[in-house]
Each structure stands twice: as structure tokens, then as C-alpha cells.
Amino acid sequence: MLIVQKFGGTSVGDVERIQNVANRVSASVEEGHQVVVVVSAMGGETNKLVAYAESFTPNPVKEEMDMLLSSGERVTASLLSIALNAMGHKATSMSGRRAGIVTDAVHTKARIESIDAKAMKDALGEGSIVIVAGFQGVNSQGKVTTLGRGGSDLSAVAVAGALNADLCEIYTDVDGIYTTDPRIEPKAKKMNKISYDEMLELASLGAKVLQNRSVELAKKLNVNLVTRSSFSYAEGTLITKEENIMEQPLVSGIALDKKQSRISLEGVMDRPGIASDIFSALAEKDVNIDMIIQTSGHDGSTSMDFTVSGDELTDAKKVIDGFVANNEVQKASYDENICKVSIVGVGMKSHTGVAAKAFCTMANENINILMISTSEIKVSMVIEEKYAELAVRALHGAYELDK
Ligand code: ADP
Ligand code: ASP
Ligand code: MG
């Protein structure tokens, strides 16, 4: 089999752990598999580099952030190769550039456009273990780009797709996908399987165990994706097509996103095209908008509330300030002390009362819901951040996910 194995930050957190990864990769090779490894930076390293940059300015030049942050993954890729070579294996490490990963030019959250897998295939053909530095690529001008936080998951899935690998294993510090973050609810249960769509919702709604774009790509390319622990041999969780899962629970999991901020606009000029103007301007700055609420207008003005991811708040503020300066918006306020809790499950499609139970659970805990949004397979609620963990545990119990 050709297997892509991705090891996250905790799994390569120090030299002993890199040796542990080398041993596991070595075991797969001895079993007769061809292995391509994708690595993250050592745990905490990316945050450390971000903090260095932010000691100069809260808004470091994004191109330089990519040069800086991509270095973390190159360190672990080369160290792992050194370890494997020292064990007598043939191994070669590759930066995103050498691995042929070409992205668009959106620095710090670039999208992969294509992969020229020749160098990886040649190295595999020569009997080498290939080790790819995750989280990075180059744009068409040859500048280094990174793929957004958690982006090594995306590198692994994209490489698995480009090489037509039989399996893509994501090794992390938990032994699979749980009904909710086990750090918040110790009663959370590991799932043996989960559908791409549910995993995509959980990841998009804050379960950082997998980067959401990696799940989206895995679904598109039909990559066999497994999440498991690098510290045990327990079987992981298979992320697969919905039809491969026999019994669908009503609700599969609860996600929490603490990195959300709410932007409230008051006195928004109530004219055709105003929403388009505001949200187009935000899109142009690559700000992703999540929930939007517009109340019914009166006296020629209306109000709008929406949420953005915390790291995009600075960019969003700049755009909104422009509308305030033009008098198209009277007042803008920003609230970072909110969070979003969501329940996810494909079973919701065919059952009623799922959302009502979520609202009732919040009411019983005396938690005020600030915003609500729903889709076919999820219900999300924005609440005050101080109730985050309480809400997750209450919902986990209410849907009997601990049973
Ligand atoms: P890595 O560094 O290996 O990429 P991450 O820290 O990105 O690992 O993701 C693993 C973490 O995701 C776990 O330690 C866990 O706390 C968190 N997590 C959040 N939601 C879930 C979930 N539903 N199932 C499992 N882990 C989850
Ligand atoms: N090192 C990067 C991060 O911390 C990418 C990754 O680990 O997936 O976001
Ligand atoms: Mg991760």
C-alpha cells in the first residue's frame, strides 16, 4: 500500500517524539508499505514564531509571516529524515516547493491549486521514504505561502490525492474523533466512523482535530482518511461516505469555537445594495463571515449583526471603519467575549425537535442565546464565552452522547 502519514505538533514535539515517529514510520516500511510522511512544526513552535513577529507590530506583513512560519515544518521534516537515515533507511525531506505544491497568492491562508508530484514519485521510485514539510506551498511567482492554521492536515490530504494513495492517516494526540472535545467533556465517546459531511461541519464549527479544508478536500478526492493517536496502537476513526455508515445517530457531535467575534452595526443606511457593499468589501479583504442577522429596518436605517473568526477581526474592523467614516453605518461595536456551540448530525435531516432540545437545554442552564443559525445537519448558537464549557457538557448530556 501507499500510505500518507501525517504527524501533528504534539507528535513531533521534541526529539524523543520525533524518534517515536521515526520508529512508527520504520515499522510501516518494514511491513512492505511505501510511505510519504507529512509533518507539522513542533507543538507550540508556530505560536512562538507568531509572537516574535507580533512583538514588532500587531499587523506583520503577511508575505513575511509565510517565510517565517513555514520554517517550523522544515525543521521537523529534516530532523525526521535525519533520524530515519540514522536508522539505516533511505529518506529525503522536501519543502512544499520541492514537493510541487502550488497555491494561490493569498498569504497566510493560501489554497492549493495544483501539485506536481514528480519529485515525490521519483523519490518513492528510488525506494526513499518521502517526508514533506506540511502547511506550505509556493505561489505562481515562487513565493512561499502557508495554508492557514492547522494546514498540515490539508497538505497530507492533498498529497494523498495527488499520489492516489490508498490511505491517509492523521496521527495526533487523541485516538480518533470524539463526540466532543475530550478535554472539555471527559465522558466524550470515540466514534469508529463519521461521514465526511458531519466531520466537515464539526471541523468548520471549531473541532480543531482536523482542519476543515482538509476534510472538504478528502470528500472531493474520495481520500480514505483515518484519525488516530501517535502514542498508542488503538484503532482510530474512519472518515468516510455517509452510505458506508449503517446506523446514523440523530446527533453525532458537539463543537465549540471560542475564536469567534461578533460585529454589531447600528444605523445602517437601509438601501438596496448595502449588504452587498459591506460583505463584498469584507470578502475582498479575505474576511470570512459566518452568521448574519439583519433586523427589519425603520426610519431608513437597519441593524446588522454578524460573526467573524477572531484572527480576521482586525481586517474586518478596517473595512467597517470605512463605512462608518462614510456615514453609511452610524455605529459599530465589537464583542470578542462570545463563542459558538454547535450540534451536528445527519440524522437531523429526517427528525424534528432537535433544535428545540438545544434551546431548551440552554434555557435550563440559564444561558442566553445571542444568535442562532441552522443548516440541514447543524444547529449553531452564539452565547457568552464564559458559558462555553457548561453549554458543551449540557448539550452532550441532553443528546445522550455519553451513553
Ligand atoms: P495536531 O497538533 O496533531 O494537529 P490538534 O491540536 O490540531 O492536533 O488537534 C487535536 C486536538 O483536537 C485534541 O487534543 C482535542 O483536544 C481537540 N479536539 C477538539 N474536538 C475534538 C473531537 N471532537 N474529537 C477529538 N479531538 C478533538
Ligand atoms: N504548524 C501549523 C499550525 O500550528 C500547521 C499545523 O500544525 O497543521 O497551525
Ligand atoms: Mg491540527
Side-chain angles (χ1 to χ4, degrees), residues 5-13 17 20-21 38-51 65-66 68-77 96 108-110 132-137 145-159 169-192 194 198-215 225-232 234 236-237 239 251-259 311 341-345 388-389 392 395-396 401-402:
Q5 300 183 327
K6 179 257 172 178
F7 291 88
T10 319
S11 307
V12 293
R17 287 179 176 184
N20 171 54
V21 169
V38 175
V39 283
S40 283
M42 290 184 185
E45 190 61 26
T46 309
N47 286 345
K48 194 172 93 187
L49 295 173
V50 170
M65 286 309 281
D66 281 349
L68 178 67
L69 299 189
S70 61
S71 67
E73 271 66 12
R74 294 181 57 151
V75 170
T76 40
T108 74
K109 44 185 170 185
V132 178
F135 180 51
Q136 57 188 278
T145 52
T146 61
L147 309 177
R149 296 306 302 267
S152 296
D153 296 335
L154 179 62
S155 307
V157 170
V159 165
E169 294 179 316
I170 307 287
Y171 286 89
T172 181
D173 56 3
V174 273
D175 52 13
I177 310 299
Y178 279 69
T179 46
T180 194
D181 189 338
R183 290 192 211 194
I184 299 174
E185 174 53 282
K187 288 188 215 150
K189 288 251 162 23
K190 189 178 89 180
M191 298 179 241
N192 293 326
I194 183 171
E198 286 171 308
M199 190 63 235
L200 181 56
E201 287 285 8
L202 284 176
S204 304
L205 295 166
K208 71 164 191 160
V209 59
L210 282 176
Q211 192 218 31
N212 60 349
R213 281 162 54 198
S214 72
V215 184
L225 194 61
V226 169
T227 305
R228 54 189 303 187
S229 168
S230 63
F231 303 107
S232 83
T237 302
I239 296 122
V251 169
S252 298
I254 315 283
L256 171 66
D257 188 350
K258 283 187 165 182
K259 289 216 180 93
D311 54 357
V341 280
S342 309
I343 57 177
V344 171
E389 286 79 12
V392 169
L395 290 166
H396 196 266
L401 295 177
D402 43 0

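Counting convention: from 1, in listed order, for ligands and their atoms alike. Note that the structure is predicted; figures quoted are calculated from it, not measured.
Inter-residue side-chain proximity for K190 and I177 is flagged as unmet; no heavy-atom pair is nearer than 4.5 Å.
Ion pairing between K258 and E389 holds under the 4.0 Å rule for side-chain N and carboxylate O. The residues K189 and D402 are annotated as not salt-bridged, no charged nitrogen and carboxylate oxygen being separated by less than 4.0 angstrom. The existence of a salt bridge linking E169 and R228 is confirmed by a sub-4.0 Å separation between a basic side-chain nitrogen and an acidic carboxylate oxygen.
The closest approach between K6 and ligand 1 falls below 4.0 Å for a heavy atom of the residue. The closest approach between G176 and ligand 1 falls below 4.0 Å for a heavy atom of the residue. Remark: distances from the non-hydrogen atoms of S11 to ligand 1 are all 4.0 Å or more. At least one heavy atom of T180 sits closer than 4.0 Å to an atom of ligand 1. Within the 4.0 Å heavy-atom shell around ligand 2 one does not find G9.
Of the heavy atoms in V174, only side-chain atoms (C-beta onward) come closer than 4.0 Å to ligand 1. By the criterion of a heavy-atom distance under 4.0 Å, the side chain of E73, and not its backbone, is placed next to ligand 2. Neither the backbone nor the side chain of A188 has a heavy atom within less than 4.0 Å of ligand 1. Both the backbone and the side chain of K208 come within contact range of ligand 1, each with a heavy atom under 4.0 Å.
Where the criterion is an N or O separation shorter than 3.5 Å, residue side chain and backbone included, D181 meets it with respect to ligand 1. Of the polar atoms of G9, at least one N or O is found under 3.5 Å from an N or O of ligand 1, judged by distance alone. Looking at ligand 1, you'll find an N or O of Y178 within less than 3.5 Å of one of its N or O atoms.
In this structure, CG on D173 lies 4.0 Å from OG1 on T10, to the nearest 0.5 angstrom. Of the inter-residue distances, the one linking S230 atom OG with D175 atom CG reads 10.5 Å to the nearest 0.5 angstrom. Separating the CG atom in L225 from the OG atom in S214 is a distance of 6.5 Å, to the nearest 0.5 Å.
Among all non-hydrogen protein atoms, the one lying nearest atom 14 (O) of ligand 1 is R183 NH2, 2.6 Å. Among protein heavy atoms, atom 7 (O) of ligand 2 sits closest to S40 OG, 2.9 Å. What sits closest to atom 27 (C) of ligand 1 on the protein, heavy atoms only, is V209 CB, 3.6 Å. What sits closest to atom 8 (O) of ligand 1 on the protein, heavy atoms only, is T172 OG1, 3.1 Å. Residue, atom and distance of the protein heavy atom nearest to atom 9 (O) of ligand 2 are R149 NE, 2.6 Å.
Between the side chain of S342 and the main chain of L205, no donor-acceptor pair closer than 3.5 Å is present.
The ligand atoms of ligand 1 that sit less than 4.0 angstrom from a heavy atom of A207 are 20 (N). Ligand 1 places these atoms under 4.0 Å from at least one heavy atom of D173: 10 (C), 11 (C), 13 (C), 14 (O).
When A133, G43, S152, G134 are checked for heavy-atom proximity to atom 6 (C) of ligand 2, S152 turns out nearest.
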Would you check, one step at a time, whether the test salt bridge (charged side-chain N to carboxylate O under 4.0 Å, His left out) holds for D311 with K259? CA-CA 8 Å; D311 54 357; K259 289 216 180 93; over 6 Å; no

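Nearest heavy-atom pair, V39 versus T76, reported as atom, atom and distance to 0.1 Å: CG2-OG1, 3.6 Å.
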